[in-house]
Amino acid sequence: VITMKVLICGASIAGPTLAYWLARRGFRPTVVERAPRPRPGGYPIDVKGHAVDVAERMGLLPAVRAAATDTDGLTFVDAANRETGRLDLRAMRAAVPNRDVELPRGDLAQILYEATRDDVEYRFGDSIRSAAPDADGVTVEFDSGESRRFDLLVGADGLRSTVRRQVFGDDREFVRDLGYAVAVAVLDGVEPLAAERWITMYNSPGRMVGVGRWVGSDRAAAIFMYRTGPDFRRDRETLVAAFRDEAWRVPGLLDRVLAEDFYFDTVSQVHLDRWSRGRVVLVGDAAHCPALLSGAGTSLAMVGAYVLAGELAAAQGDHATAFAGYERALRPVVRRGQRGVRTSAALMIPDSPFAIWRRDQLTKLAVPLARAGSLFARRGAPLRDYDVHLVG
Ligand SMILES: Cc1cc2nc3c(=O)[nH]c(=O)nc-3n(C[C@H](O)[C@H](O)[C@H](O)COP(=O)(O)OP(=O)(O)OC[C@H]3O[C@@H](n4cnc5c(N)ncnc54)[C@H](O)[C@@H]3O)c2cc1C
């Protein structure tokens with residue numbers, strides 16, 4: 001049994017998944033999270049492909065399924081709220097059966113936290129002020145003032161990772177903006193715009209506003225996306241300027257979003273030549289964010305965490321060997337996840353009236369296209385077992 005002390009920064013998806021598998025192999029993980037508690041709610045995310053296997057091997061699939069939002073489809077509407085196209089996700093799932101689950105990000109984070117809280121030290125409401133790696137370990141100073149020594153440091157702190165900035169370099173080197181911005185908020189008491197389990201989307205050229213209600217509640221996720229230029233700034237005025245003159249229900253929804261603690265950022269991917277430096281390694285969005293339009297970030301985060309823990313155990317804690325194995329196993333999976341995001345952007349945020357019309361027509365072919373796509377899709381190798389040195 002390996003008893004290395006591992007500090008993981010970030011308690012969303014990648015962090016707790018990694019902590020789970022490390023603890024099961026005898027490592028001693030500590031997770032530091034800047035939020036005061038697991039952040040609740042949030043937009044729906046997907047657990048799919050190998051991530052379903054990871055959740056299953058953790059014994060969490062029933063809890064994950066119980067929290068499923070099960071979106072049945074998307075309806076595209078014009079300014080008068082008339083349907084112009086629809087994506088029947090239920091029909092697509094029936095055509096291409098799979099075990100994927102969609103659930104709110106916060107619910108998944110909570111499930112992962114509860115599965116680990118007894119075996120893992122969590123430090124909520126704290127962060128890393130500085131990290132000083134050397135040949136034998138990493139000395140970390142926390143914001144709370146405490147200084148501690150760890151064998152390894154893992155950045156599981158998302159697209160804007162602090163660990164990456166402190167150890168690898170500035171965001172400008174690694175964060176590739178795709179030319180869009182996104183704002184998201186979860187709203188209470190939204191009047192139904194479509195049937196339950198259906199997301200309604202309104203487009204004008206280069207802009208998209210979507211609303212989807214939660215099953216059995218009047219809570220809804222509202223999403224605003226738009227094309228940005230080089231002068232983009234991450235402030236409220238920029239968002240307001242982009243949407244204030246839009247038709248449909250946009251102005252009312254915009255006011256609701258602005259009244260919330262909303263998420264607002266560029267739509268970006270992360271690309272690094274190496275995911276590790278010495279005793280510091282990145283996992284999840286911090287290492288390889290595929291951009292939210294890919295719908296792959298959560299699954300990559302779970303699979304990456306599982307593989308990293310497995311490689312560390314298989315290499316008996318020899319971190320250099322393990323980090324190399326982690327990159328070898330995961331790079332092809334990440335490449336697949338990061339691919340195709342521009343096509344999704346063109347479908348979700350068409351940039352001319354003609355492109356909007358063409359997208360609406362294309363939705364009629366969605367089921368046969370999904371079936372054909374699945375026939376030709378390249379399957380990755382099955383997820384390695386790593387069932388070595390399990391404890392407890
Ligand atoms: C609007 C939106 C919609 C999305 N839709 C989908 C989807 O449909 N399907 C899908 O698969 N994925 C989707 N994603 C992406 C998905 O949320 C991420 O890929 C996934 O959450 C990655 O998990 P992670 O653990 O790597 O990072 P994150 O979930 O970003 O978590 C990082 C954690 O680190 C913490 N943290 C950050 N900095 C520090 C610090 N300095 N100190 C301590 N803690 C810190 C944060 O508080 C957070 O808890 C979406 C993302 C967004 C923003």
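Just so you know, ligand 1 is whichever comes first in the structure, and atom 1 is the first atom listed for that ligand.
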What atoms in ligand 1 come closer than 4.0 Å to a heavy atom of [X]?
{"X": "S127", "answer": "40 (C), 41 (N), 42 (N), 43 (C)"}
{"X": "R39", "answer": "46 (C), 47 (O), 48 (C), 49 (O)"}
{"X": "T298", "answer": "10 (C), 11 (O), 12 (N), 16 (C), 19 (O), 20 (C)"}
{"X": "P44", "answer": "5 (N), 7 (C), 8 (O)"}
{"X": "I13", "answer": "21 (O), 23 (O), 25 (O)"}
{"X": "G284", "answer": "26 (O)"}
{"X": "C9", "answer": "40 (C), 42 (N), 43 (C)"}
{"X": "A156", "answer": "32 (C), 33 (C), 34 (O)"}

| Selection from G304, A14, C289, A221 by shortest heavy-atom distance to atom 24 (P) of ligand 1 | A14
| To which of L18, T162, D265 does the heavy atom nearest atom 41 (N) of ligand 1 belong? | T162
Provide, to 0.1 Å, the distance between [atom] and the closest protein heavy atom, together with that atom's residue and name.
{"atom": "atom 43 (C) of ligand 1", "result": "R34 N, 3.2 Å"}
{"atom": "atom 18 (C) of ligand 1", "result": "D285 OD2, 3.2 Å"}
{"atom": "atom 27 (O) of ligand 1", "result": "G158 CA, 3.7 Å"}
{"atom": "atom 17 (O) of ligand 1", "result": "Y43 OH, 2.9 Å"}
{"atom": "atom 35 (C) of ligand 1", "result": "E33 OE1, 3.2 Å"}
{"atom": "atom 1 (C) of ligand 1", "result": "V184 CG2, 3.1 Å"}
{"atom": "atom 36 (N) of ligand 1", "result": "D157 CB, 3.8 Å"}
{"atom": "atom 31 (O) of ligand 1", "result": "S12 CB, 2.9 Å"}

| field | Salt-bridge criterion met for D151 and R28 (N-O under 4.0 Å) | value | no
Does a donor on one side chain sit under 3.5 Å from an acceptor on the other, for [X] and [Y]?
{"X": "R57", "Y": "Y306", "value": "yes"}
{"X": "T69", "Y": "E102", "value": "yes"}
{"X": "T139", "Y": "R149", "value": "yes"}
{"X": "S204", "Y": "E246", "value": "yes"}
{"X": "D235", "Y": "T238", "value": "yes"}
{"X": "T84", "Y": "D360", "value": "yes"}

| request: Count the heavy atoms belonging to other residues, nucleotides or ligands that lie under 6.0 Å from CZ of R148, then report whether that count exceeds 12. | output: yes
| task | Return yes when atom CZ of R331 has more than 12 non-hydrogen atoms of other residues, nucleotides or ligands closer than 6.0 Å, and no otherwise. | result | yes
Would you say ligand 1 has an N or O under 3.5 Å from any N or O of [X]?
{"X": "D46", "answer": "yes"}
{"X": "D126", "answer": "no"}
{"X": "G295", "answer": "yes"}
{"X": "Y263", "answer": "no"}

| field | Stepwise side chain to side chain donor-acceptor pair (under 3.5 Å) test for S268 and D177 | value | CA-CA 4 Å; S268 307; D177 293 345; 2.6 Å; yes
| Ring-face cation contact, F142 with R123, 6.0 Å cut, 45° max | yes
| query | Is the cationic atom of R359 (NZ for Lys, CZ for Arg) positioned less than 6.0 Å from the six-membered ring centroid of F76 and within 45 degrees of its normal? | reply | yes
| task | Taking the six-membered ring for Trp and the full ring for Phe, Tyr or His, determine whether the centres of Y326 and W275 are under 6.0 Å apart. | result | yes
| field | Y226/Y180 aromatic ring centres below 6.0 Å | value | no
| said: Below 4.0 Å, non-hydrogen atoms only: which portion of I45 touches ligand 1? Side chain, backbone, both or neither. | reply: both
| said: Heavy-atom distances under 4.0 Å decide this one: backbone, side chain, both or neither, for K48 against ligand 1? | reply: neither
